[in-house]
Amino acid sequence: MAVPKKPSLDGLEDAWSTRWEADGTYAFGGDRPRSEVFSIDTPPPTVSGSLHVGHVFSYTHTDTIARYQRMRGRDVFYPMGWDDNGLPTERRVQNHFGVRCDPTLQHDPGFEPPEKPPKRAVAVSRPDFVELCERLVAEDERKFEELWRHLGLSVDWSMTYTTVGVRAQRASQRAFLRTFARGEAYQAEAPTLWDVDFRTAVAQAELEDREMPGAYHAVRFARDGDPEGVVIETTRPELIPACVALVAHPDDERYQPLFGTSVRTPLFGLEVPVLAHELADPEKGSGIAMICTFGDLTDVTWWRELDLPTRSILGWDGRIEAEPPPELGDSDARRALWAELAGLTVKQAQQRVVELLAESGELVGEPKPVTHAVKFYEKGERPLEIVTTRQWYIRNGGRDSGLRAALLERGRELQWHPEYMRARYESWVEGLHGDWLISRQRFFGVPFPLWYPLDADGIPDHDHPLLPSEERLPIDPSSDVPDGYTEAQRGQPGGFAADPDIMDTWATSSLSPQIACGWEEDAAKFASTYPMDLRPQAHEIIRTWLFSTIVRAHLEFDGLPWRHASISGWVLDPDRKKMSKSKGNVVTPMATLEQYGSDAVRYWAVSGRPGTDTAFDEGQMKVGRRLAIKILNATKFALGVIGSDAAGPVDPAVVTVALDRALLADLASLVDEVTAAFEGFDYARALERTERFFWAFCDDYLELVKQRAYRDDGDAGAASARATLALALGVLLRLFAPHVPFVTEEAWSWWQEGSIHRSSWPEAAPVRAAASDVDAASYAVAAAVLGSVRKAKTESQRSLGTEAELVTVTDTAERLALLRAVVDDVREAARARRVDLVEDAASNEPVVAVELVPPDDA
RNA sequence: GGGCGCUUAGCUCAGCUGGAAGAGCGCCUCCCUUACAAGGAGGAAGCCGGGGGUUCGAGUCCCUCAGCGCCCACCA
């Protein structure tokens, strides 16, 4: 392809991404042994959300690694996944189509959503709802793919998977059934963190603390023979009806006399014991607390360890139950009291209870406002409650020190980039306080693949689930029927009932290596790609995605799912706050890519060090754009000098000039350094070193050899320059290729066959061989003198094209000798008529005196 | 409360195993030069957060304090 007169970045993205697709440039071969494959466990982006520059940032990092490994000769397995599973998709579908899922409805094969979303959501069956989810995510996925192609991700698009597709469902259900068979998955009826709006259980990993206003309410419990009673402080007075005991620290002398006695709760006057437990903090409040079922996780611990009864007053909708527990409704007075509260939300109930306490005189003083941390579901809007429900769990070491130790050991086996991110994994694993709750009371997701037999009264037998054979997977138990039953028996006494729940999205995402690599679906692919080489991801999901993936691989294969984890930082907006949609400061990535060009945006992304939060910086994109243009122009210039026959291998024997050899010696060191950086997953360092070298190469070397390289054919100096230019250009373009794939491909195409992204990574040895053993310092001295001449011209406010009458360099004999070897090039580049070298043994650095020709003589 | 990271030019950040303070942006001055004016050349500008140590020598290693950010924690 010819070198254009005026190289441009415009249109490179479309032109080359089309070409790469047509040529299968990034196709995974799949025919090579595991040792020659580099496989990447790409984070599947949530398609119901929108891509923002944060995605562009971190996916570019991974892409540079993929491209480097491909050029190193590895068969790179780099699929894309779409996370279309879970609540975000459900919510989007509800809003987009104006529907809501009613799992009691039967599937309507001919269902079509209303043209325009109605005001009142239409109820649809689960299969119909899921169908709408799939329809919507397919649209989203097309948009995402377009963006990724525009950005230049070197993904093999034929390997794409989704987290709710058939393959993912099969893998997810198969893994679950095997985990269940090994006793690593179990169900239990237990207090569970519960989101009252989504009406689903929530796992520890999905919690976040939020600072909320609240108030300490001092409340008096009555005690026989003691008019003072016992005063406790609580932020949740509405839970007084659910109080089952008071608790204080065993060493607390104030309350030791009370241990073993009982007190009566305010309002309802129920008798509850006073107990001792180490978790009670004498410093907090009055040092004695009420235990309710359940106000927080500490209540759960006390309830379990002190073997207390359950007195549940909250329903799944977050309102006080209509009917009281038996002991709260055993008198007219108590029933009347209950009626005051029944049906109220937690917030309303609190207000009413405080009023009642004030009336009864059991509220001591005024409530004291405080701000305290309250647990929320990370996607939720109201504080979590704790309700007792039947749920599925997978063992993750939260209740088993042996398993926990094994998983910590896995974390130490894994190579983290940067290394210090391991600490987050360890603190998470060490802080686990229960197994992994994987069931969700939602609709769009992978269903639990089982049913329960119903007894003669229609009550399910949870201890003896009906399991499908693996060949039947994936199944939807709400429409599929267990072996030996008929559809007519669904929900009938003596028949069966489906498990109504779906799995948590992480229960499927945690199998991304298995899904992507074709576990139990494609034995050859699995053997050549698993365990994978690299898991790239952001730091905030170490506790979810990274940890759960390690758990599943450990349980299923007794090994790590990958060897390396590279942890990217966040993109901050220019005010240093985390960019997020809710803050309204998200930048649309496509507009940015089109404005600056993909290579320029990638340049900005790559300049963010591994693991480091990085500000969105358009200035860096401008710099990247300039670099991209410079690469085109420098290539154009070099090719103009060396001619079109430069594509072939360079004969190192032709490189005879000291300056050229010195340049190559430096270049060989650069190759070593950049290669080492990439081996350590430090793309940022790789770019920074390459870029620094390149600008100096343009400013100094190209200027120094310009005249010599233009000499006639047959001139040994010209041949040396041309050979060096060809060698250096080939190396530099390839060092840049992982970072700025479009512009390097364009420049490469002007003189080389095939894609640069399929060319081999530069090796230092041949470059060093061509350099012979020349002292690289002569290049530095030459560049320094040239710089001094430029400075003199600039300070005289003269053009750089101005000729110099005389350039005098004063320096030690040693450095003058270095300079003497390259002085012809220096003279020509400086446009000097004469260069004098003056020896001064005491000189610390070259002193350059420049005598320019008079202005009118130019 | 525990842990991790950060603190270098006005701004954003490099400085790997200790050896004479760096880049880009911004600012100032200049230059159409046969690769590049959506360019290029040059310049000003830093007690490398504070305080101790180790060393011939510390931005770099150790201790300590402070500020910022994040992760984790059974936060009545």
Side-chain angles (χ1 to χ4, degrees), chain A residues 3 6-7 9 209 211 214 216-217 232-236 239 246-248 277-281 284-292 295-302 370-375 418-433 539-540 542-543 569-570 572 574 576-578 604 607-609 611-615 617-620 622-627 629-641 673 676-677 680 682 684-685 688-689 691-692 695 698-699 702-703 706 710 787 789-802 831 844:
Chain A
V3 181
K6 178 113 180 125
L9 300 178
D209 285 351
E211 288 293 327
Y216 281 121
H217 300 76
I232 61 108
E233 289 196 358
T234 178
T235 54
R236 303 206 56 186
L239 291 179
L246 297 189
V247 65
H277 194 279
E278 287 83 15
L279 278 183
D281 183 352
K284 257 176 215 155
S286 56
I288 186 162
M290 70 170 181
I291 303 174
C292 304
D296 62 25
L297 290 172
T298 318
D299 280 345
V300 177
T301 306
W302 280 326
V370 290
T371 302
H372 61 149
V374 178
K375 288 195 188 310
E419 176 79 25
Y420 62 74
M421 287 292 178
R422 177 184 288 114
R424 301 197 177 194
Y425 175 88
E426 298 198 339
S427 61
W428 172 252
V429 177
E430 283 161 1
L432 287 170
H433 54 240
H539 51 61
E540 83 272 19
I542 289 174
R543 67 176 184 173
W570 282 330
L572 309 173
R576 311 300 297 161
K577 283 175 289 213
K578 187 193 174 188
W604 157 75
S607 64
R609 312 313 273 194
T612 305
D613 295 346
T614 302
D617 185 353
E618 295 182 277
Q620 278 296 98
K622 289 178 186 164
V623 175
R625 186 173 176 87
R626 220 176 43 163
L627 171 68
I629 293 170
K630 190 83 170 178
I631 288 172
L632 291 180
N633 282 317
T635 303
K636 178 189 165 198
F637 166 70
L639 294 182
V641 173
E673 200 174 4
D682 193 345
R685 176 185 292 264
E688 193 256 331
R689 296 304 144 96
E691 187 193 8
R692 184 196 298 172
W695 281 100
C698 291
D699 289 349
L702 291 186
E703 295 300 329
K706 202 180 260 185
Y710 274 129
V789 174
R790 274 199 291 251
K791 184 172 173 177
K793 290 179 181 177
T794 299
E795 283 175 350
S796 308
Q797 306 197 345
R798 303 288 295 279
S799 150
L800 291 180
T802 306
R831 302 187 180 232
N844 292 321

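Order of the sequence lines sets the chain letters (A, B, ...), proteins ahead of strands, with each chain counted from 1.
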### Query
A/Arg424 CZ to B/rC6 C1': how many Å, rounded?
12 Å
### Message
Just to be sure I understand the rule, does A/His433 reach a base, reach only the sugar-phosphate, or reach nothing, if contact means heavy atoms closer than 4.0 Å?
### Response
sugar-phosphate
#### Entry: P-based separation of B/rU29 from B/rA66 [nearest Å]
46 Å
### Task
May I ask you to say what A/Asp209 touches in the nucleic acid, namely base, sugar-phosphate or nothing, with a heavy-atom cut-off under 4.0 Å?
base
## Note on the structure
B/rG1 -> Watson-Crick or G-U wobble partner, both distances under 3.5 Å, gives B/rC72
### Task
Determine the interatomic distance between P on B/rA44 and the same-named atom on B/rG52; round to the nearest Å.
32 Å
### Task
Please say whether the positively charged group of A/Lys284, taken as NZ for Lys or CZ for Arg, lies over the ring of A/Tyr216, i.e. under 6.0 angstrom from the six-membered ring centre and within 45 degrees of the axis.
no
### Query
Less than 4.0 Å between a side-chain N and a carboxylate O, is that true for A/Lys622 and A/Glu618?
no
### Message
Say we look at B/rG59 and B/rA20: how far apart would their C1' atoms be, to the nearest angstrom?
### Response
14 Å
### Query
What nucleotide among B/rA41, B/rC70, B/rA76 has an atom nearest to a side-chain atom of A/Leu800?
B/rA41
### Task
Could you tell me whether A/Gly285 contacts a base, only the sugar-phosphate backbone, or nothing, with contacts defined as non-hydrogen atoms closer than 4.0 Å?
nothing
### Message
From CG of A/Leu627 over to C1' of B/rG24, roughly how many Å is that when rounded to an integer?
### Response
12 Å
### Message
In this structure, how many angstroms lie between the C1' atom of B/rC13 and the CZ atom of A/Arg609, rounded?
### Response
8 Å
#### Entry: Separation of the P atoms in B/rC30 and B/rC68, to the nearest angstrom
45 Å
### Task
Look at all strands and tell whether A/Thr301 reaches a base, only sugar-phosphate, or nothing, counting heavy atoms closer than 4.0 Å.
nothing
### Query
With no hydrogens and no angle check, is any side-chain donor or acceptor of A/Thr614 less than 3.5 Å from a backbone partner on A/Thr612?
yes
### Message
Using whole Å, what does the distance between atom C1' of nucleotide B/rU33 and atom NZ of A/Lys706 come to?
### Response
7 Å
### Query
Can you tell me how far P in B/rC6 sits from the matching atom in B/rC47, rounded to whole Å?
22 Å
### Rounded distance in Å between the C1' positions of B/rA14 and B/rG24
10 Å
### Task
Determine the minimum heavy-atom distance between A/Leu702 and A/Ala634, stating which atoms define it.
CD1-CB, 4.4 Å
### Query
Taking a pair as Watson-Crick or G-U wobble with both distances under 3.5 Å, which nucleotide is matched to B/rA66?
B/rU7
### Query
What's the CG-P distance between A/Asp617 and B/rU12, to the nearest Å?
10 Å
### Task
Sticking with atom C1', work out how far B/rG26 lies from B/rC13, rounded to a whole angstrom.
14 Å
### Query
Between A/Glu673 and A/Asp296, who's closer to the 5' end of RNA chain B by nearest nucleotide?
A/Glu673
#### Entry: Side chain A/Trp302, main chain A/Leu246, donor-acceptor under 3.5 Å
no
### Task
Describe the nucleic acid contact of A/Gly287 in one word from base, sugar-phosphate, nothing, applying a heavy-atom distance below 4.0 Å.
base
### Summary
Comparing A/Ser427 with A/Lys6, nearest RNA chain B nucleotide closer to 5' gives the residue A/Lys6
### Task
Give A/Leu297 one of three labels, base, sugar-phosphate or nothing, depending on what nucleic acid heavy atoms sit under 4.0 Å from its own.
nothing
### Query
Reckon A/Ala684 touches a base, only the sugar-phosphate, or nothing at all at heavy-atom distances under 4.0 Å?
nothing
### Flag for A/Trp570-A/Glu540: side-chain donor and acceptor within less than 3.5 Å
yes
### Query
Of the nucleotides B/rU33, B/rG39, B/rA76, which has the atom closest to the A/Arg626 side chain?
B/rG39
### Message
Using the side-chain heavy atoms of A/Ala423, tell me which of these nucleotides is nearest: B/rC72, B/rC4, B/rG43.
### Response
B/rC4
### Query
So what does A/Glu703 touch, heavy atoms closer than 4.0 Å: a base, only the sugar-phosphate, or nothing?
base
### Query
Using purine N1 to pyrimidine N3 plus N6-O4 or O6-N4 for Watson-Crick, or N1-O2 and O6-N3 for G-U wobble, each under 3.5 Å, what pairs with B/rU29?
B/rA41
### Query
Does A/Tyr425 have a side-chain nitrogen or oxygen under 4.0 Å from the phosphate oxygens OP1 or OP2 of B/rG3?
no
### Query
Which part of the nucleic acid does A/Arg692 contact within heavy-atom distance under 4.0 Å: base, sugar-phosphate only, or nothing?
nothing
#### Entry: Span that lies between the P atom of B/rG10 and that of B/rA45, in whole angstrom
11 Å
### Message
Any base atoms under 4.0 Å from A/Cys292, or only sugar-phosphate, or nothing? Heavy atoms, all strands.
### Response
nothing
### Pair partner, B/rG18 [Watson-Crick or wobble, under 3.5 Å]
none
### Nucleotide of B/rC74, B/rA73, B/rC70 approaching A/Lys375 most closely (side-chain heavy atoms)
B/rC74
### Task
Verify, without hydrogens or angle tests, whether A/Lys793 (side chain) and A/Thr802 (backbone) share a donor-acceptor contact under 3.5 angstrom.
yes
### Message
Rounded to whole Å, please give me the gap between CZ in A/Arg422 and P in B/rC70.
### Response
24 Å
### Query
Which nucleotide in the list B/rA73, B/rA76, B/rU29 gets nearest to the side chain of A/Trp428?
B/rA73
### Query
Heavy atoms under 4.0 Å, any strand shown: does A/Lys791 hit a base, just sugar-phosphate, or nothing?
sugar-phosphate
### Message
Classify A/Ile542 by what it touches in the nucleic acid, base, sugar-phosphate, or nothing, heavy-atom distance under 4.0 Å.
### Response
nothing
## Note on the structure
Checking B/rC30, B/rA41, B/rC75 against the side chain of A/Arg790 (C-beta onward), the nearest is B/rA41
### Message
I want to verify a distance call: between B/rG5, B/rU33, B/rG42, whose nearest atom is closest to the A/Thr794 side chain?
### Response
B/rG42
### Message
Let's test this: given Watson-Crick or G-U wobble pairing with both distances under 3.5 Å, identify the partner of B/rA58.
### Response
none
### Task
Please work out if A/Glu688 contacts a base, only the sugar-phosphate, or nothing of the nucleic acid, heavy-atom cut-off 4.0 Å.
sugar-phosphate
### Task
Return no unless some side-chain N or O of A/Lys630 is found under 4.0 Å from OP1 or OP2 of B/rG40.
yes
### Atom-to-atom span, CZ of A/Arg625 to C1' of B/rA37 - whole angstrom
15 Å
### Task
Would you mind reading off the distance between A/Glu233 atom CD and B/rC75 atom P, rounded to a whole angstrom?
16 Å
### Task
Taking only the side-chain nitrogens and oxygens of A/His372, find out if one of them lies under 4.0 Å from OP1 or OP2 of B/rA76.
yes
## Note on the structure
Heavy atoms of A/Asp296 and A/Thr298 approach each other most closely as OD1-N, 2.9 Å
### Nearest non-hydrogen partners of A/Arg685 and A/Ala677, listed with the distance
CD-CB, 3.8 Å
